[in-house]
Number of protein chains: 2
Amino acid sequence: MSDIRVLLVDDHPVVRAGLRAMLADFPGVTVVAEAEDGDAALLELGKLHTLGEPVDLVLMDLQMGAGMDGVTATQKIKAGEAGTPPPPVLILTTYDTDADILAAVEAGASGYMLKDAPPEQIRQAVLSAAAGQTALAPEVAARLMGRIRNPSPALSGREVQLLELLATGMSNRAMAKQLFISEATVKTHLVHIYSKLGVDNRTAAIAVATQRRIIRGR
Amino acid sequence: MSDIRVLLVDDHPVVRAGLRAMLADFPGVTVVAEAEDGDAALLELGKLHTLGEPVDLVLMDLQMGAGMDGVTATQKIKAGEAGTPPPPVLILTTYDTDADILAAVEAGASGYMLKDAPPEQIRQAVLSAAAGQTALAPEVAARLMGRIRNPSPALSGREVQLLELLATGMSNRAMAKQLFISEATVKTHLVHIYSKLGVDNRTAAIAVATQRRIIRGR
DNA sequence: CCGCTGATCATCCAAATGGTTGATTCAGGC
DNA sequence: GCCTGAATCAACCATTTGGATGATCAGCGG
């Protein structure tokens, strides 16, 4: 059986070098190309496709400096040229925000690993993902499990949405307009958010939500 | 002349592998040890010191998962065992927050590079730092220069301090207590902060300050 | 059909925050 | 010695937020 052909996508040369070195140590895995953002990744995919040298796995970071981010890139890859099935996408990133994970999974990623994972874990993930299976980092899996079993009062979708706007510094009025609801409703949502997060004002809510990775900082 | 002996400190195996691979390509540079956090780094330094195999340069990330962070590690290294001069510390990190940069420089770092820097830049920085010179990433240098020449109304130290507390979700009263000043003073500072950042409420101030890398998100 | 949850809105009141003005002190620079 | 900027505080008032209570409605599962 031939090697798993991998496309690396990361904007940090250092990280690409690390992955390249690491994957070189995994028997049965070959890095066939690299890209520094989503746009370049799509280009590479197309190029390799027309050359008849298909990619078996895309290993991609989520946030990439200037270019197209990982989520949209994943969507586009999955939407991709019909005809051949699109390659599985394994996300390898630094952040394990709830929002990020969900977005990546929804976009069609087959796995979500963290960069601080030990090589062996990464190896397993690469093999699983290339084989069409799902590969989640233990931390990520734990977070998702915890989210299901643990009644750490889950925020509703609307509430998370509110939080995100909140974090941009909008006033209640502004959020109300943006979401086409009344200020009263905004306040109700906020009160619920506060009680679920165990805080009593908006800045603390942002701090906690950021810390708990419900929304993302920066 | 013998090689520059480098100690790598980073909590991400992938990044360590990347740096190892990259430095291996630089003639005149040898990685003699690795550590995954500040504590381990200090241990390594001690060990190598007693072995009579001194380190010429510490290449370190700023934030490292569980262990001691880069700033305190830098301080300890610089305070280090008297007798031999402590090795220069080159910070190589992902974030270029004003606060981070200043903290690192104050702690005694001789350089501050970003992980997305091209290899050549990193090579230059390693050589400069090992030679006892200062090495700043262009982005970082630009930020510092801009901060000097550009009258993008600079926040005073006290104001940044306020902002940091603000971002943790504290109320005016709480901040006043914490800083041993009156609420009136807190409010005055906040008003100044708002006008300098061009916002009109605390959450927006946090959002802008985070965006402009005056304080750090997460 | 009933009960529950999430989303929506309203009203009322108390507390926190924001905006303005003005004043004092202190350290540094010219 | 004078000027400036940072830091400190006060008093006042308008606006925003937060907290409590109650109500309606749609959808989902038993």
Side-chain angles (χ1 to χ4, degrees), chain A residues 98-99 102 106 147-210 214-215, chain B residues 98-99 102 106 147-210 214-215:
Chain A
D98 282 8
L102 290 180
E106 276 169 17
R147 172 152 290 274
I148 294 169
R149 104 160 53 91
N150 180 1
S152 60
L155 296 180
S156 73
R158 197 59 156 171
E159 285 162 355
V160 173
Q161 205 178 351
L162 255 285
L163 258 179
E164 266 154 5
L165 294 186
L166 197 59
T168 70
M170 294 174 76
S171 70
N172 291 352
R173 183 171 317 191
M175 292 188 285
K177 278 198 180 177
Q178 173 102 71
L179 298 176
F180 303 107
I181 58 181
S182 78
E183 278 187 62
T185 306
V186 169
K187 288 176 65 174
T188 306
H189 284 310
L190 287 182
V191 170
H192 292 160
I193 292 171
Y194 297 162
S195 82
K196 286 180 181 178
L197 295 183
V199 300
D200 61 356
N201 68 65
R202 49 182 62 212
T203 35
I206 296 173
V208 171
T210 307
I214 295 169
I215 57 173
Chain B
D98 282 9
L102 289 180
E106 276 171 15
R147 174 151 290 275
I148 293 168
R149 102 161 55 90
N150 179 1
S152 59
L155 295 180
S156 72
R158 196 57 156 173
E159 285 162 355
V160 173
Q161 207 178 349
L162 255 285
L163 259 179
E164 267 156 4
L165 293 186
L166 197 58
T168 70
M170 293 174 78
S171 69
N172 290 352
R173 182 171 321 193
M175 292 188 287
K177 278 197 180 178
Q178 174 103 71
L179 299 176
F180 303 107
I181 58 180
S182 80
E183 280 187 60
T185 306
V186 169
K187 289 177 62 175
T188 306
H189 284 310
L190 288 183
V191 169
H192 291 160
I193 292 171
Y194 298 160
S195 82
K196 286 181 180 177
L197 295 183
V199 299
D200 62 355
N201 68 64
R202 50 183 59 213
T203 35
I206 295 173
V208 171
T210 307
I214 295 168
I215 58 173

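Order of the sequence lines sets the chain letters (A, B, ...), proteins ahead of strands, with each chain counted from 1. Scope of the values below: all heavy atoms of this structure, side chains included, with no hydrogens, waters or symmetry mates.
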Nucleotide [N], atom [atom2] - distance to [atom1] of [X] in whole Å:
| X | N | atom1 | atom2 | result |
| --- | --- | --- | --- | --- |
| Ile193(B) | dG19(C) | CD1 | C1' | 15 Å |
| Arg158(B) | dA27(C) | CZ | P | 15 Å |
| Leu190(A) | dA15(C) | CG | C1' | 16 Å |
| Arg202(A) | dG19(D) | CZ | C1' | 14 Å |
| Met170(B) | dA16(C) | CE | C1' | 15 Å |
| Leu179(B) | dA7(D) | CG | C1' | 12 Å |
| Ile181(B) | dT24(C) | CD1 | C1' | 16 Å |
| Leu197(B) | dG18(C) | CG | C1' | 15 Å |

Nearest-0.5 Å distance, CD1 of residue Ile206(A) to CG of residue Leu166(B):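 Ile206(A) atom CD1 to Leu166(B) atom CG measures 9.5 Å (nearest 0.5 Å).
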
Ser171(A) to Arg202(A) - nearest heavy-atom pair and separation: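 It is CA-NH1, 4.2 Å.
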
Would you say [N] has OP1 or OP2 under 4.0 Å from some side-chain N or O of [X]?
| X | N | value |
| --- | --- | --- |
| Ser171(A) | dT16(D) | no |
| Ser182(B) | dC9(D) | yes |
| Tyr194(B) | dG18(C) | yes |
| Asn172(A) | dT16(D) | no |

Heavy-atom check, side chain of Glu164(B) versus side chain of Val160(B), under 4.5 Å: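 Yes - at least one pair of side-chain heavy atoms lies under 4.5 Å apart.
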
Leu155(B) and Leu162(B), any side-chain heavy atoms less than 4.5 Å apart: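 No; the side chains remain at least 4.5 Å from each other.
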
Residue whose nearest DNA chain D nucleotide is more 5′ - Asp200(A) or His189(B):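 Comparing both residues, the 5'-ward one is His189(B).
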
Sugar-phosphate only, base, or nothing, as touched by Ser156(B) at under 4.0 Å among non-hydrogen atoms: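 Touches sugar-phosphate only.
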
Sugar-phosphate, base or nothing in reach of Thr188(A), heavy atoms under 4.0 Å: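 If one applies the 4.0 Å heavy-atom cut-off, Thr188(A) turns out to touch a base.
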
Ala184(B), nearest nucleotide to its side chain (from dG18(D), dC9(D), dA7(C)):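 Selected nucleotide (nearest to the side chain): dC9(D).
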
Thr188(B) and Thr185(B): side chain donor to acceptor below 3.5 Å: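 Result is no, nothing qualifies.
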
